[in-house]
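All chains are named by letter (A, B, ...) in the order of the sequence lines, taking the proteins before the strands, and each is independently numbered beginning at 1. Everything numeric in this text was worked out from a predicted model, so none of it was measured.
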Protein chains: 2
Amino acid sequence: MSDTFGQTVFEAPGHDHDACIRGALARADALCAERGLRLTAIRRRVLELIWDNHRPTKAYDLLSAISAERGNAAPPTVYRALDFLLEAGLVHKIESLNAFVGCDAGHERGHPKFLICRRCEHVAEIPGPAVDSAIAREAERSGFTVDHETIEIGGICRRCAAAD
Amino acid sequence: MSDTFGQTVFEAPGHDHDACIRGALARADALCAERGLRLTAIRRRVLELIWDNHRPTKAYDLLSAISAERGNAAPPTVYRALDFLLEAGLVHKIESLNAFVGCDAGHERGHPKFLICRRCEHVAEIPGPAVDSAIAREAERSGFTVDHETIEIGGICRRCAAAD
DNA sequence: TGTACAAATGTTATATATTAACGCAAAGCA
DNA sequence: TGCTTTGCGTTAATATATAACATTTGTACA
Ligand SMILES: [Zn+2]
Ligand SMILES: [Zn+2]
Ligand SMILES: [Zn+2]
Ligand SMILES: [Zn+2]
(Lines give C-alpha, C1' and ligand atoms only; values in the text may rest on other atoms or scores of the structure.)
(Ligands and ions follow the chains in the order given, each with its own letter.)
Protein backbone atom coordinates (compact mmCIF):
# COMPACT_ATOMS: atom_id res chain seq x y z
CA MET A 1 0.00 0.00 0.00
CA SER A 2 1.59 3.29 -1.01
CA ASP A 3 2.02 6.19 1.32
CA THR A 4 -0.25 9.08 0.60
CA PHE A 5 2.01 11.84 1.84
CA GLY A 6 5.61 12.88 1.64
CA GLN A 7 8.18 11.62 -0.78
CA THR A 8 6.88 8.16 -1.53
CA VAL A 9 4.07 8.98 -3.90
CA PHE A 10 6.12 7.04 -6.39
CA GLU A 11 7.28 3.68 -5.09
CA ALA A 12 10.21 3.86 -2.72
CA PRO A 13 13.48 2.10 -3.69
CA GLY A 14 12.83 -1.00 -1.55
CA HIS A 15 9.29 -1.39 -2.85
CA ASP A 16 8.04 -4.97 -2.38
CA HIS A 17 5.93 -5.23 -5.45
CA ASP A 18 4.69 -8.77 -4.88
CA ALA A 19 3.24 -7.61 -1.58
CA CYS A 20 1.97 -4.50 -3.37
CA ILE A 21 -0.04 -6.61 -5.81
CA ARG A 22 -1.29 -8.96 -3.10
CA GLY A 23 -2.43 -5.96 -1.09
CA ALA A 24 -4.24 -4.43 -4.01
CA LEU A 25 -6.10 -7.67 -4.71
CA ALA A 26 -6.93 -8.16 -1.06
CA ARG A 27 -8.38 -4.68 -0.90
CA ALA A 28 -10.36 -5.37 -4.06
CA ASP A 29 -11.71 -8.61 -2.58
CA ALA A 30 -12.71 -6.80 0.59
CA LEU A 31 -14.32 -3.89 -1.21
CA CYS A 32 -16.34 -6.14 -3.49
CA ALA A 33 -17.42 -8.37 -0.62
CA GLU A 34 -18.50 -5.32 1.32
CA ARG A 35 -20.55 -3.92 -1.55
CA GLY A 36 -21.92 -7.20 -2.86
CA LEU A 37 -20.00 -6.89 -6.13
CA ARG A 38 -18.77 -9.96 -7.93
CA LEU A 39 -15.04 -9.93 -8.57
CA THR A 40 -15.14 -12.81 -11.03
CA ALA A 41 -12.09 -14.71 -12.26
CA ILE A 42 -11.68 -12.60 -15.38
CA ARG A 43 -12.17 -9.32 -13.55
CA ARG A 44 -9.74 -10.30 -10.86
CA ARG A 45 -7.16 -11.43 -13.39
CA VAL A 46 -7.47 -8.19 -15.36
CA LEU A 47 -6.99 -6.23 -12.16
CA GLU A 48 -3.94 -8.33 -11.35
CA LEU A 49 -2.48 -7.74 -14.81
CA ILE A 50 -3.02 -4.01 -14.42
CA TRP A 51 -1.21 -4.10 -11.09
CA ASP A 52 1.60 -6.08 -12.67
CA ASN A 53 3.63 -2.88 -12.68
CA HIS A 54 3.03 0.77 -11.94
CA ARG A 55 2.73 1.71 -15.58
CA PRO A 56 -0.48 2.32 -17.47
CA THR A 57 -1.66 -0.83 -19.23
CA LYS A 58 -3.37 -0.81 -22.61
CA ALA A 59 -6.59 -2.69 -23.21
CA TYR A 60 -5.11 -4.72 -26.05
CA ASP A 61 -2.12 -5.75 -23.97
CA LEU A 62 -4.57 -7.06 -21.41
CA LEU A 63 -6.40 -8.78 -24.22
CA SER A 64 -3.23 -10.47 -25.45
CA ALA A 65 -2.41 -11.71 -21.99
CA ILE A 66 -5.90 -13.00 -21.26
CA SER A 67 -6.14 -14.52 -24.69
CA ALA A 68 -2.82 -16.35 -24.26
CA GLU A 69 -3.98 -17.74 -20.93
CA ARG A 70 -7.50 -18.80 -21.85
CA GLY A 71 -7.36 -19.29 -25.59
CA ASN A 72 -10.61 -17.41 -26.02
CA ALA A 73 -10.90 -13.72 -25.44
CA ALA A 74 -12.17 -10.87 -27.55
CA PRO A 75 -12.19 -7.11 -26.98
CA PRO A 76 -15.48 -7.20 -25.05
CA THR A 77 -13.93 -9.64 -22.61
CA VAL A 78 -11.43 -7.09 -21.43
CA TYR A 79 -13.52 -3.96 -21.91
CA ARG A 80 -16.30 -5.42 -19.80
CA ALA A 81 -13.87 -6.26 -17.04
CA LEU A 82 -12.45 -2.74 -17.29
CA ASP A 83 -15.92 -1.22 -17.09
CA PHE A 84 -16.57 -3.13 -13.90
CA LEU A 85 -13.24 -2.17 -12.36
CA LEU A 86 -13.64 1.47 -13.32
CA GLU A 87 -17.14 1.54 -11.92
CA ALA A 88 -15.94 0.01 -8.68
CA GLY A 89 -13.12 2.57 -8.48
CA LEU A 90 -10.49 -0.16 -8.53
CA VAL A 91 -8.77 1.20 -11.62
CA HIS A 92 -8.55 4.52 -13.41
CA LYS A 93 -8.27 5.33 -17.07
CA ILE A 94 -5.45 7.60 -18.17
CA GLU A 95 -7.14 9.50 -20.96
CA SER A 96 -3.98 10.93 -22.45
CA LEU A 97 -2.58 7.41 -22.91
CA ASN A 98 -5.69 5.32 -23.47
CA ALA A 99 -4.46 3.07 -20.70
CA PHE A 100 -5.38 1.91 -17.23
CA VAL A 101 -3.77 1.94 -13.81
CA GLY A 102 -4.72 0.41 -10.49
CA CYS A 103 -6.08 2.71 -7.82
CA ASP A 104 -4.81 2.47 -4.27
CA ALA A 105 -5.77 5.91 -3.08
CA GLY A 106 -9.34 5.52 -1.91
CA HIS A 107 -10.09 9.16 -2.70
CA GLU A 108 -13.74 9.21 -1.73
CA ARG A 109 -14.04 12.95 -1.57
CA GLY A 110 -11.61 14.02 -4.26
CA HIS A 111 -10.94 13.17 -7.88
CA PRO A 112 -7.98 11.13 -9.09
CA LYS A 113 -4.99 13.18 -10.22
CA PHE A 114 -1.90 11.65 -11.78
CA LEU A 115 1.78 12.30 -12.13
CA ILE A 116 3.09 10.39 -15.13
CA CYS A 117 6.82 10.06 -15.75
CA ARG A 118 7.48 10.09 -19.47
CA ARG A 119 10.81 8.36 -19.00
CA CYS A 120 9.99 5.33 -16.80
CA GLU A 121 6.26 5.61 -17.46
CA HIS A 122 5.40 5.04 -13.82
CA VAL A 123 2.26 6.69 -12.55
CA ALA A 124 1.43 8.01 -9.09
CA GLU A 125 -1.67 9.66 -7.73
CA ILE A 126 -1.47 13.13 -6.28
CA PRO A 127 -2.98 12.98 -2.81
CA GLY A 128 -4.77 15.63 -0.82
CA PRO A 129 -7.34 18.30 -1.55
CA ALA A 130 -5.06 21.20 -2.57
CA VAL A 131 -5.38 20.85 -6.32
CA ASP A 132 -9.09 20.11 -6.15
CA SER A 133 -9.56 23.21 -4.05
CA ALA A 134 -7.72 25.42 -6.51
CA ILE A 135 -9.85 24.04 -9.32
CA ALA A 136 -13.03 24.48 -7.31
CA ARG A 137 -12.16 28.15 -6.74
CA GLU A 138 -11.57 28.77 -10.44
CA ALA A 139 -14.72 26.92 -11.44
CA GLU A 140 -16.74 28.93 -8.95
CA ARG A 141 -15.59 32.19 -10.52
CA SER A 142 -17.32 31.05 -13.71
CA GLY A 143 -20.37 29.62 -12.00
CA PHE A 144 -19.31 26.18 -13.17
CA THR A 145 -20.36 23.09 -11.20
CA VAL A 146 -17.62 20.45 -11.22
CA ASP A 147 -18.53 16.80 -11.35
CA HIS A 148 -15.53 15.16 -12.97
CA GLU A 149 -11.82 15.92 -13.27
CA THR A 150 -9.26 14.56 -15.70
CA ILE A 151 -5.88 15.60 -14.35
CA GLU A 152 -2.82 13.99 -15.87
CA ILE A 153 0.52 15.67 -15.28
CA GLY A 154 3.41 14.56 -17.47
CA GLY A 155 7.05 15.04 -16.61
CA ILE A 156 10.08 13.39 -15.07
CA CYS A 157 10.03 11.65 -11.70
CA ARG A 158 12.73 12.15 -9.11
CA ARG A 159 14.38 8.84 -9.70
CA CYS A 160 14.64 9.31 -13.45
CA ALA A 161 15.95 12.84 -12.93
CA ALA A 162 18.59 11.49 -10.56
CA ALA A 163 19.61 8.80 -13.05
CA ASP A 164 20.97 11.32 -15.55
CA MET B 1 -11.92 37.38 -28.25
CA SER B 2 -12.95 36.07 -24.86
CA ASP B 3 -12.15 37.79 -21.63
CA THR B 4 -9.59 36.05 -19.53
CA PHE B 5 -10.93 37.07 -16.17
CA GLY B 6 -14.22 37.35 -14.39
CA GLN B 7 -17.47 35.77 -15.38
CA THR B 8 -17.07 35.59 -19.14
CA VAL B 9 -14.78 32.60 -19.43
CA PHE B 10 -17.68 31.04 -21.26
CA GLU B 11 -19.11 33.23 -23.99
CA ALA B 12 -21.34 36.02 -22.77
CA PRO B 13 -25.01 36.12 -23.92
CA GLY B 14 -24.42 38.71 -26.64
CA HIS B 15 -21.40 36.89 -28.03
CA ASP B 16 -20.74 37.85 -31.67
CA HIS B 17 -19.49 34.57 -32.93
CA ASP B 18 -18.78 35.62 -36.50
CA ALA B 19 -16.44 38.25 -35.15
CA CYS B 20 -15.09 35.62 -32.76
CA ILE B 21 -14.10 33.35 -35.66
CA ARG B 22 -12.68 36.21 -37.72
CA GLY B 23 -10.60 37.26 -34.74
CA ALA B 24 -9.28 33.77 -34.19
CA LEU B 25 -8.26 33.42 -37.84
CA ALA B 26 -6.68 36.87 -37.88
CA ARG B 27 -4.64 35.97 -34.83
CA ALA B 28 -3.62 32.72 -36.46
CA ASP B 29 -2.55 34.56 -39.61
CA ALA B 30 -0.53 37.01 -37.57
CA LEU B 31 1.10 34.34 -35.43
CA CYS B 32 2.09 32.25 -38.44
CA ALA B 33 3.41 35.25 -40.32
CA GLU B 34 5.44 36.25 -37.31
CA ARG B 35 6.96 32.80 -36.90
CA GLY B 36 7.37 31.97 -40.54
CA LEU B 37 4.82 29.16 -40.38
CA ARG B 38 2.66 28.33 -43.36
CA LEU B 39 -1.03 28.46 -42.61
CA THR B 40 -2.03 26.71 -45.84
CA ALA B 41 -5.56 26.55 -47.20
CA ILE B 42 -6.29 23.17 -45.62
CA ARG B 43 -4.82 24.12 -42.27
CA ARG B 44 -6.68 27.39 -42.22
CA ARG B 45 -9.94 25.71 -43.17
CA VAL B 46 -9.53 23.08 -40.47
CA LEU B 47 -8.91 25.81 -37.94
CA GLU B 48 -11.99 27.64 -39.15
CA LEU B 49 -14.11 24.50 -38.86
CA ILE B 50 -12.83 23.96 -35.32
CA TRP B 51 -13.79 27.52 -34.44
CA ASP B 52 -17.20 27.02 -35.98
CA ASN B 53 -18.55 26.71 -32.47
CA HIS B 54 -17.16 26.50 -28.96
CA ARG B 55 -17.59 22.77 -28.76
CA PRO B 56 -14.86 20.20 -29.22
CA THR B 57 -14.72 18.96 -32.80
CA LYS B 58 -13.86 15.40 -33.77
CA ALA B 59 -11.24 14.60 -36.36
CA TYR B 60 -13.61 12.55 -38.47
CA ASP B 61 -16.21 15.31 -38.46
CA LEU B 62 -13.54 17.62 -39.81
CA LEU B 63 -12.73 14.93 -42.36
CA SER B 64 -16.35 14.73 -43.50
CA ALA B 65 -16.55 18.48 -43.92
CA ILE B 66 -13.26 18.78 -45.77
CA SER B 67 -14.09 15.78 -47.89
CA ALA B 68 -17.48 17.22 -48.84
CA GLU B 69 -15.83 20.48 -49.85
CA ARG B 70 -12.86 19.17 -51.79
CA GLY B 71 -13.93 15.72 -52.90
CA ASN B 72 -10.62 14.25 -51.87
CA ALA B 73 -9.56 13.97 -48.27
CA ALA B 74 -8.35 11.09 -46.17
CA PRO B 75 -7.57 10.81 -42.46
CA PRO B 76 -3.97 12.02 -42.90
CA THR B 77 -5.28 15.18 -44.51
CA VAL B 78 -6.98 16.27 -41.34
CA TYR B 79 -4.57 14.71 -38.84
CA ARG B 80 -1.65 16.49 -40.48
CA ALA B 81 -3.47 19.79 -40.31
CA LEU B 82 -4.28 19.10 -36.66
CA ASP B 83 -0.64 18.26 -35.92
CA PHE B 84 0.38 21.59 -37.36
CA LEU B 85 -2.26 23.53 -35.45
CA LEU B 86 -1.46 21.74 -32.20
CA GLU B 87 2.24 22.36 -32.66
CA ALA B 88 1.57 26.04 -33.31
CA GLY B 89 -0.61 26.22 -30.21
CA LEU B 90 -3.63 27.30 -32.27
CA VAL B 91 -5.75 24.39 -31.10
CA HIS B 92 -5.81 22.00 -28.16
CA LYS B 93 -6.78 18.38 -27.97
CA ILE B 94 -9.34 17.40 -25.35
CA GLU B 95 -8.03 13.97 -24.39
CA SER B 96 -11.14 12.88 -22.58
CA LEU B 97 -13.23 13.48 -25.70
CA ASN B 98 -10.76 12.76 -28.51
CA ALA B 99 -11.68 16.12 -29.92
CA PHE B 100 -10.19 19.52 -30.65
CA VAL B 101 -10.92 23.11 -29.68
CA GLY B 102 -9.49 26.43 -30.77
CA CYS B 103 -7.16 28.24 -28.40
CA ASP B 104 -7.56 31.92 -27.75
CA ALA B 105 -5.73 32.14 -24.47
CA GLY B 106 -2.11 32.60 -25.46
CA HIS B 107 -0.93 30.96 -22.26
CA GLU B 108 2.80 31.15 -22.86
CA ARG B 109 3.78 30.45 -19.30
CA GLY B 110 0.98 28.17 -18.17
CA HIS B 111 -0.66 25.02 -19.47
CA PRO B 112 -4.13 24.83 -20.97
CA LYS B 113 -6.87 23.88 -18.53
CA PHE B 114 -10.47 23.30 -19.57
CA LEU B 115 -13.96 23.56 -18.18
CA ILE B 116 -16.25 21.35 -20.25
CA CYS B 117 -20.01 21.57 -19.85
CA ARG B 118 -21.51 18.14 -20.33
CA ARG B 119 -24.90 19.61 -21.16
CA CYS B 120 -24.16 22.23 -23.85
CA GLU B 121 -20.70 20.81 -24.54
CA HIS B 122 -19.12 24.22 -24.63
CA VAL B 123 -15.51 24.47 -23.53
CA ALA B 124 -13.68 27.32 -21.84
CA GLU B 125 -10.10 27.68 -20.74
CA ILE B 126 -9.34 28.35 -17.10
CA PRO B 127 -7.10 31.41 -16.97
CA GLY B 128 -4.47 32.40 -14.49
CA PRO B 129 -1.70 30.62 -12.64
CA ALA B 130 -3.58 29.42 -9.54
CA VAL B 131 -4.19 25.84 -10.62
CA ASP B 132 -0.74 25.49 -12.14
CA SER B 133 0.75 26.72 -8.90
CA ALA B 134 -1.16 24.21 -6.82
CA ILE B 135 -0.02 21.43 -9.12
CA ALA B 136 3.56 22.66 -9.09
CA ARG B 137 3.55 22.56 -5.29
CA GLU B 138 2.24 18.98 -5.22
CA ALA B 139 4.69 17.87 -7.90
CA GLU B 140 7.55 19.42 -6.00
CA ARG B 141 6.72 17.40 -2.92
CA SER B 142 7.44 14.29 -4.97
CA GLY B 143 10.48 15.70 -6.73
CA PHE B 144 8.53 15.55 -9.98
CA THR B 145 9.39 17.94 -12.83
CA VAL B 146 6.26 18.99 -14.72
CA ASP B 147 6.40 19.52 -18.45
CA HIS B 148 2.86 18.87 -19.58
CA GLU B 149 -0.59 19.09 -18.03
CA THR B 150 -3.85 17.53 -19.16
CA ILE B 151 -6.56 19.22 -17.13
CA GLU B 152 -10.14 18.71 -18.23
CA ILE B 153 -12.89 19.55 -15.77
CA GLY B 154 -16.34 18.26 -16.59
CA GLY B 155 -19.54 19.67 -15.16
CA ILE B 156 -22.34 22.12 -15.79
CA CYS B 157 -21.83 25.70 -16.88
CA ARG B 158 -23.70 28.60 -15.34
CA ARG B 159 -26.04 29.10 -18.25
CA CYS B 160 -27.08 25.45 -18.39
CA ALA B 161 -27.56 25.41 -14.62
CA ALA B 162 -29.77 28.50 -14.90
CA ALA B 163 -31.82 26.92 -17.69
CA ASP B 164 -33.27 24.25 -15.42
C1' DT C 1 14.88 31.40 -65.42
C1' DG C 2 15.77 27.05 -64.40
C1' DT C 3 17.01 23.65 -61.18
C1' DA C 4 17.49 21.44 -56.52
C1' DC C 5 15.78 20.71 -52.23
C1' DA C 6 12.40 20.69 -48.70
C1' DA C 7 7.75 20.95 -47.28
C1' DA C 8 3.07 19.82 -48.02
C1' DT C 9 -0.41 16.96 -49.86
C1' DG C 10 -2.52 12.73 -52.16
C1' DT C 11 -3.28 7.96 -51.74
C1' DT C 12 -3.56 3.36 -50.04
C1' DA C 13 -3.30 0.54 -46.42
C1' DT C 14 -3.02 -0.69 -41.74
C1' DA C 15 -2.89 -0.26 -36.70
C1' DT C 16 -5.18 0.74 -32.53
C1' DA C 17 -9.28 1.60 -29.62
C1' DT C 18 -14.07 0.92 -28.54
C1' DT C 19 -18.85 -0.51 -28.88
C1' DA C 20 -23.20 -2.99 -30.64
C1' DA C 21 -25.88 -6.94 -30.88
C1' DC C 22 -27.25 -11.48 -29.92
C1' DG C 23 -27.36 -15.92 -27.72
C1' DC C 24 -25.91 -19.03 -24.11
C1' DA C 25 -24.57 -20.22 -19.46
C1' DA C 26 -24.09 -19.53 -14.68
C1' DA C 27 -25.59 -17.44 -10.43
C1' DG C 28 -28.93 -15.67 -7.35
C1' DC C 29 -33.61 -15.70 -5.77
C1' DA C 30 -38.67 -17.13 -4.90
C1' DT D 1 -37.57 -26.10 -9.34
C1' DG D 2 -38.49 -22.45 -12.26
C1' DC D 3 -37.73 -17.51 -12.99
C1' DT D 4 -34.80 -13.66 -13.51
C1' DT D 5 -30.58 -11.29 -13.57
C1' DT D 6 -25.91 -11.04 -14.54
C1' DG D 7 -21.86 -12.39 -16.80
C1' DC D 8 -19.64 -14.23 -20.70
C1' DG D 9 -18.64 -16.00 -25.79
C1' DT D 10 -18.83 -14.62 -30.30
C1' DT D 11 -19.22 -11.93 -34.42
C1' DA D 12 -19.27 -7.79 -36.42
C1' DA D 13 -19.09 -3.01 -36.86
C1' DT D 14 -17.58 1.60 -35.72
C1' DA D 15 -14.24 5.09 -34.12
C1' DT D 16 -9.62 6.92 -33.78
C1' DA D 17 -4.95 7.35 -35.48
C1' DT D 18 -0.65 6.31 -38.04
C1' DA D 19 2.68 4.17 -41.59
C1' DA D 20 4.51 4.26 -45.99
C1' DC D 21 5.25 5.91 -50.37
C1' DA D 22 4.09 8.73 -54.53
C1' DT D 23 3.24 13.31 -56.28
C1' DT D 24 2.90 18.07 -56.14
C1' DT D 25 3.93 22.62 -54.50
C1' DG D 26 6.64 26.13 -52.64
C1' DT D 27 11.22 28.26 -51.82
C1' DA D 28 16.03 29.21 -52.37
C1' DC D 29 19.68 29.79 -54.95
C1' DA D 30 22.93 29.17 -59.07
ZN1 LIG E 1 4.02 -1.93 -6.45
ZN1 LIG F 1 10.53 8.10 -14.01
ZN1 LIG G 1 -17.24 32.49 -30.34
ZN1 LIG H 1 -23.50 24.37 -20.60
- Considering only Ile, Leu, Val, Met, Phe, Trp and Tyr, and joining two whenever side-chain heavy atoms are under 4.5 Å apart, list the other residues clustered with B/Val123. B/Ile94, B/Leu97, B/Val101, B/Phe114, B/Ile116
- Message: Taking NE2 in B/His148 as the centre, count heavy atoms belonging to other residues, nucleotides or ligands within less than 6.0 Å. Is the count above 12?
- Response: no
- So does A/Glu69 have more than 12 non-hydrogen atoms from other groups sitting under 6.0 Å from CD? yes
- Item | Short N-O contact, A/Glu138 and A/Arg141, less than 4.0 angstrom | yes
- Message: Reading DNA chain C from 5' to 3', where do the contacts with chain A start and stop? Cut-off is 4.0 Å to heavy atoms.
- Response: C/dA17 to C/dA27
- Answer yes if the side chains of A/Glu152 and A/Ser96 hold a donor-acceptor pair under 3.5 Å, and no otherwise. yes
- Task: May I ask you to decide if the ring planes of B/His54 and B/His15 are parallel, tilted or perpendicular, using 30° and 60° as cut-offs?
- Result: perpendicular
- Query: Would B/Glu48 and B/Arg45 count as a salt bridge (charged side-chain N to carboxylate O under 4.0 Å, His left out) if you check the C-alpha gap in whole Å, the side-chain angles of each, and the deciding distance to 0.1 Å?
  - Reply: CA-CA 5 Å; B/Glu48 191 175 31; B/Arg45 181 62 181 137; 3.0 Å; yes
- Between the SG atom in A/Cys103 and the CZ atom in A/Arg27, the distance rounded to the nearest 0.5 Å is 8.0 Å
- Message: Parallel, tilted or perpendicular: which one describes the rings of B/Phe10 and A/Phe144, with boundaries at 30° and 60°?
- Response: parallel
- Query: Do A/Ile135 and A/Leu115 share a hydrophobic cluster, counting only Ile, Leu, Val, Met, Phe, Trp and Tyr and linking them when any side-chain heavy atoms are less than 4.5 Å apart?
  - Reply: yes
- For DNA chain C, determine which residues of residues 77-98 of chain B have any heavy atom closer than 4.0 angstrom to one of its atoms, and list them numerically. B/Thr77, B/Arg80
- Among residues 36-74 of chain B, which contact DNA chain D at a heavy-atom distance under 4.0 Å? B/Arg38, B/Lys58, B/Tyr60
- Query: Does a side chain donor of either B/Glu125 or B/His92 reach within less than 3.5 Å of an acceptor in the other side chain?
  - Reply: yes
- Message: The criterion is ring pair (Phe, Tyr, Trp, His ring centres under 6.0 Å); which residues satisfy it with A/His122, sequence neighbours excluded?
- Response: none
- Find the bend of the helix from C/dT1-D/dA30 to C/dA30-D/dT1 as the angle between its two terminal axes (five pairs each), to the nearest 10°. 20°
